[in-house]
**Q** 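Structure below; questions to follow.
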Amino acid sequence: SNPPRHGMEIVKFVLADKANFASWEDELKKMSGRINEMRSALRKQLEEDKVKSPTGTDWSHITSQIGMFSFTGLSVEQAKNCRSEQHVYLLDSGRISMAGLNNGNVKFVAKAFAAVIDKY
């Protein structure tokens with residue numbers, strides 16, 4: 001069996017044309033820049049709210065990471081409580097999607113972290 005061609009056709013469309021490639025590259029920069037802004041905003045909010053870091057140090061691990069996801073340092077219990085009681089979704093490992101954060105929910109997420117850290 002052969003894989004479908006549509007993936008290859010999309011890549012070819014983007015990479016074979018200078019204008020399409022430039023547009024794609026610009027979108028990547030904007031997306032990664034927004035994620036970095038959300039990392040900084042979350043860290044700033046956690047520090048302003050004086051939320052104790054579960055790592056025992058500070059919240060610098062939020063901004064020192066790269067990619068769409070971030071290790072928060074929350075325990076399995078804290079992560080489960082974030083989901084069930086605070087309505088903030090993150091994996092049991094404490095990893096959260098930074099792409100899901102925005103200027104309208106960063107404060108809510110920081111308060112949720114504070115609530116579960118204080119509880120456990």
Side-chain angles (χ1 to χ4, degrees):
S1 130
N2 290 318
R5 288 180 45 121
H6 63 275
M8 183 271 307
E9 293 294 336
I10 292 169
V11 171
K12 183 179 168 184
F13 177 80
V14 172
L15 299 180
D17 180 90
K18 287 183 182 183
N20 290 342
F21 181 80
S23 177
W24 173 71
E25 203 171 34
D26 184 54
E27 289 175 20
L28 284 178
K29 287 176 185 173
K30 287 178 183 172
M31 185 260 322
S32 63
R34 193 191 81 74
I35 289 173
N36 287 337
E37 287 173 11
M38 292 302 100
R39 283 182 184 284
S40 296
L42 180 59
R43 178 182 176 184
K44 181 180 177 190
Q45 189 65 56
L46 290 163
E47 290 172 348
E48 284 179 1
D49 293 350
K50 301 199 183 333
V51 178
K52 186 178 104 182
S53 173
T55 64
T57 57
D58 60 18
W59 289 100
S60 63
H61 61 280
I62 297 288
T63 52
S64 66
Q65 298 172 59
I66 59 171
M68 286 180 46
F69 294 88
S70 182
F71 169 75
T72 62
L74 297 179
S75 69
V76 172
E77 280 184 322
Q78 291 168 330
K80 286 182 177 180
N81 188 272
C82 252
R83 288 193 305 268
S84 64
E85 301 296 323
Q86 305 301 319
H87 311 289
V88 172
Y89 183 80
L90 64 159
L91 300 175
D92 284 348
S93 65
R95 287 175 52 87
I96 189 167
S97 170
M98 299 308 292
L101 295 179
N102 60 57
N103 291 326
N105 67 11
V106 167
K107 192 169 196 157
F108 181 85
V109 171
K111 287 187 183 301
F113 284 10
V116 300
I117 291 167
D118 288 345
K119 188 172 183 177
Y120 297 98

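We number each residue from 1, following the sequence as shown.
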**Q** Kindly compute the distance separating CG (Asp49) from NZ (Lys107), expressed to the nearest 0.5 Å.
**A**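 Answer rounded to 0.5 Å: 6.5 Å.
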**Q** For Asp58 and Ser60, indicate whether the former's side chain and the latter's backbone hold a donor-acceptor pair under 3.5 Å.
**A** yes
**Q** Closest approach of Pro54 and Ile117, non-hydrogen atoms and distance?
**A** CD-CD1, 3.8 Å
**Q** Taking Val88 as the starting point, is it possible to reach Tyr120 by hopping between hydrophobic residues whose side chains are less than 4.5 Å apart?
**A**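 No; Val88 is not reachable from Tyr120 via cluster members.
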**Q** Within a strict 4.5 Å, meaning less than it, do heavy atoms of the Arg34 and Lys30 side chains meet?
**A** no
**Q** To the nearest 0.5 Å, how far apart are CD in Gln45 and OG in Ser40?
**A** 13.0 Å
**Q** Val11, Trp24: one ILVMFWY side-chain cluster at the under-4.5 Å cut-off?
**A**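 Val11 clusters together with Trp24.
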**Q** Which heavy atom of Thr63 sits nearest a heavy atom of Arg43, and at what distance?
**A** OG1-NH1, 2.8 Å
**Q** Is there a side-chain contact between Glu37 and Asn103 (heavy atoms, below 4.5 Å)?
**A** no
**Q** Can you list the steps and then say if Lys44 with Val106 is a side-chain contact (heavy atoms from CB on, under 4.5 Å)?
**A** CA-CA 10 Å; Lys44 181 180 177 190; Val106 167; over 6 Å; no
**Q** Do Val109 and Phe69 sit in one hydrophobic cluster, given that two such residues count as connected whenever their side-chain heavy atoms are within less than 4.5 Å of each other, even indirectly?
**A** yes
**Q** Got a second to check how far Leu101's CG is from Ile96's CD1, nearest 0.5 Å?
**A** 5.0 Å
**Q** Counting distance only, does the side-chain N/O of Arg39 pair as donor-acceptor with the main-chain N or O of Ile62 below 3.5 Å?
**A**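 Side chain of Arg39 to backbone of Ile62: a pair is present.
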**Q** Side-chain heavy atoms under 4.5 angstrom apart, residues restricted to Ile, Leu, Val, Met, Phe, Trp, Tyr: same cluster for Leu28 and Val14?
**A** yes
**Q** State, yes or no, whether a side-chain contact exists between Thr55 and Phe71 at a heavy-atom distance under 4.5 Å.
**A**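 They are in side-chain contact.
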**Q** Quick one: pull up CG in Leu46 and NZ in Lys52 and give me the separation to the nearest 0.5 Å.
**A** 13.5 Å
**Q** Indicate the atoms forming the closest heavy-atom contact of Ala112 with Cys82, along with that distance.
**A** O-SG, 4.2 Å
**Q** Between CG of Leu74 and CG of Leu91, what distance do you get to the nearest 0.5 Å?
**A** 11.5 Å
**Q** Can you tell me if Trp59 uses its side chain to pair, donor with acceptor, with the backbone of Val51 under 3.5 Å?
**A** yes
**Q** Rounded to the nearest 0.5 Å, how far apart are CE of Met68 and CE of Met31?
**A**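 These two atoms lie 7.0 Å from each other.
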**Q** Go through the steps for Met38 and Ile35 under the test side-chain contact (heavy atoms from CB on, under 4.5 Å), then give the verdict.
**A** CA-CA 5 Å; Met38 292 302 100; Ile35 289 173; 5.7 Å; no
**Q** Looking at every non-hydrogen atom in both residues, tell me the closest pair between Ser53 and His61 and how far apart they are.
**A**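 Of all heavy-atom pairs spanning Ser53 and His61, the closest is OG-CE1, 3.6 Å.
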**Q** Which pair of heavy atoms, one from Gln78 and one from Gly73, lies closest together, and at what distance?
**A** OE1-O, 4.3 Å
**Q** Does atom CG of Leu15 have more than 12 heavy-atom neighbours, drawn from other residues, nucleotides or ligands, at distances under 6.0 Å?
**A**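 Atom CG in Leu15 is crowded, with more than 12 foreign heavy atoms closer than 6.0 Å.
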**Q** Under 3.5 Å, is there a donor-acceptor pair between the side chain of Asp118 and the main chain of Ala115?
**A**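 No.
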**Q** Sub-3.5 Å donor-acceptor pair from the side chain of Asn20 to the main-chain atoms of Phe13, do we have one?
**A**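 Looks like yes, one N/O pair under 3.5 Å.
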**Q** Taking all non-hydrogen atoms of both residues, which atom of Gly94 and which atom of Thr72 are closest, and how far apart?
**A** O-OG1, 2.6 Å
